[in-house]
Amino acid sequence: MAKSISQLIKDEAKRQQNTLSLIASENIAPKEIRETTGSVLMNKYSEGYPGKRYYGGNEIIDQIEVMAQAAAKKLFGAEHANVQPYSGSPANIAVYTALLQFGDTVMGMSLPHGGHLTHGHKVNFSGKAYKFIQYGVDPETGLLNYDEIETQAKIFKPKLIVCGATAYPREIDFGRFGKIAKKVGAYLLADISHIAGLVAGGVHPQPFPHADVVTTTTHKTLRGPRGAVILCKNSLAEAIDKAVFPGLQGGPHDNITAAKAICLQIAAKPEFKRYAAQVVANAKALATSLQKLGFTLVTGGTDNHMLLVDLTSKNITGMKAERALEKVGIITNKNMIPGDLRSPFDPSGMRLGTSILTSRGMGEREMQEVAMMIAKVVDKPTSSAVLSAVKKEVAVLTKKFPIK
Ligand code: DSN
């Protein structure tokens, strides 16, 4: 007989507790946030914006949404916040809807070089509706080449430049992107979904005042609910709000809006600064340990929460490494590396992130242990003796750091 959903949720909780997740885009939202998403707020409809709704009974929802807007503006130094986007992809599409006409020229980072589907990939709506010019990283260094991006911008004269990444382990120079955008008369959108928690925690520079618009999901380094926010200058507020509702979405998910407010308030606290600093310290420790164990890292290290591992020198593909690691309870994701000649289904790299392990309370010492576990598995992925020994090590470590 098939298991019930409630049993499957218990199974998933156990899986999360008993594994070491290094998925760079995931995190563990605090219990308060998880409970808020399951609260009575999900029963309400509130199309519109605070003070201007298409349904009655929104007196309390209005207060919640205003609170979330205020917290978002304060955290990122923004003039205006829209807290209704369902997730990062719709948030980006809302920005395009607000600022562009179909067919306009836009520049974004290519997905195989670390960008995102909605930054103009050809299979995505963004790549079909707009003329996206894709920029990438230097194939030798793995770093963004700002001079090259500026040259491309001067040639193609985009109306919008998108910066931000899902697989780029270094700081993004928003100031330089802002100057390039200004020179060619383009808007600058900074998609900070991956690094929002690091920006909030003061360990990555803020995108404002360089960017005109900022999008971010709230569930990655920010440790909030699944969802997104759009931040912008006041001059663009009306266009952005209209694009979100009624342009693309109907009723906002008020339960999620409330959880966003809580996460944004938590992220303004000193403890969150310590968390963000530890995420980066852990990523650096993991990077150094892996390098000592013979791993090659794209760009030679990290400034943020993630590492991009080039597995070619280890003679294993990303898919095989991901599968072998999963067998022992280490959860990662295969990833393309810049200039990858392999397919996205079995690429040459693997992406690792430290947000979850840091949320569980682990520090640099544990990162050394995790690096050694990864090395043992990647070096001998078919040895059942190695796999069963590392599985035991994972069990000991996960037990010491329960998910709260
Ligand atoms: N696909 C997500 C990631 O893992 O980075 C972003 O949407």
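Residue indices begin at 1 and follow the sequence shown. Order of listing sets the numbers, starting from 1, for every ligand and every atom in it. Everything numeric here is computed off the predicted structure, so don't read it as measured data.
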Salt-bridge criterion met for D11 and K3 (N-O under 4.0 Å): yes
Is the closest heavy atom of E26 to ligand 1 under 4.0 Å? no
For atom 7 (O) of ligand 1, what's the nearest protein heavy atom and its distance? H116 NE2, 2.9 Å
Report, in ascending order of atom number, the atoms of ligand 1 lying under 4.0 Å from any heavy atom of R351. 3 (C), 4 (O), 5 (O)
Taking only heavy atoms of H194, which atoms of ligand 1 are found under 4.0 Å from at least one of them? 3 (C), 5 (O)
Does a side-chain N-to-carboxylate-O contact under 4.0 Å join K334 and E322? yes
Check whether F295 forms a cation-pi arrangement with K314 (NZ or CZ under 6.0 Å from the six-membered ring centre, at most 45° off the ring normal). yes
So, applying side chain to side chain donor-acceptor pair (under 3.5 Å) with S359, which one of Q278, E26, R223 is it? R223
Exactly one of L352, N304, L307 should register a side chain to side chain contact (heavy atoms under 4.5 Å, CB included) with P169. Which one does? N304
Taking 4.0 angstrom as the limit and counting only heavy atoms of T166, give me the atoms of ligand 1 inside it, by number and element. 5 (O)
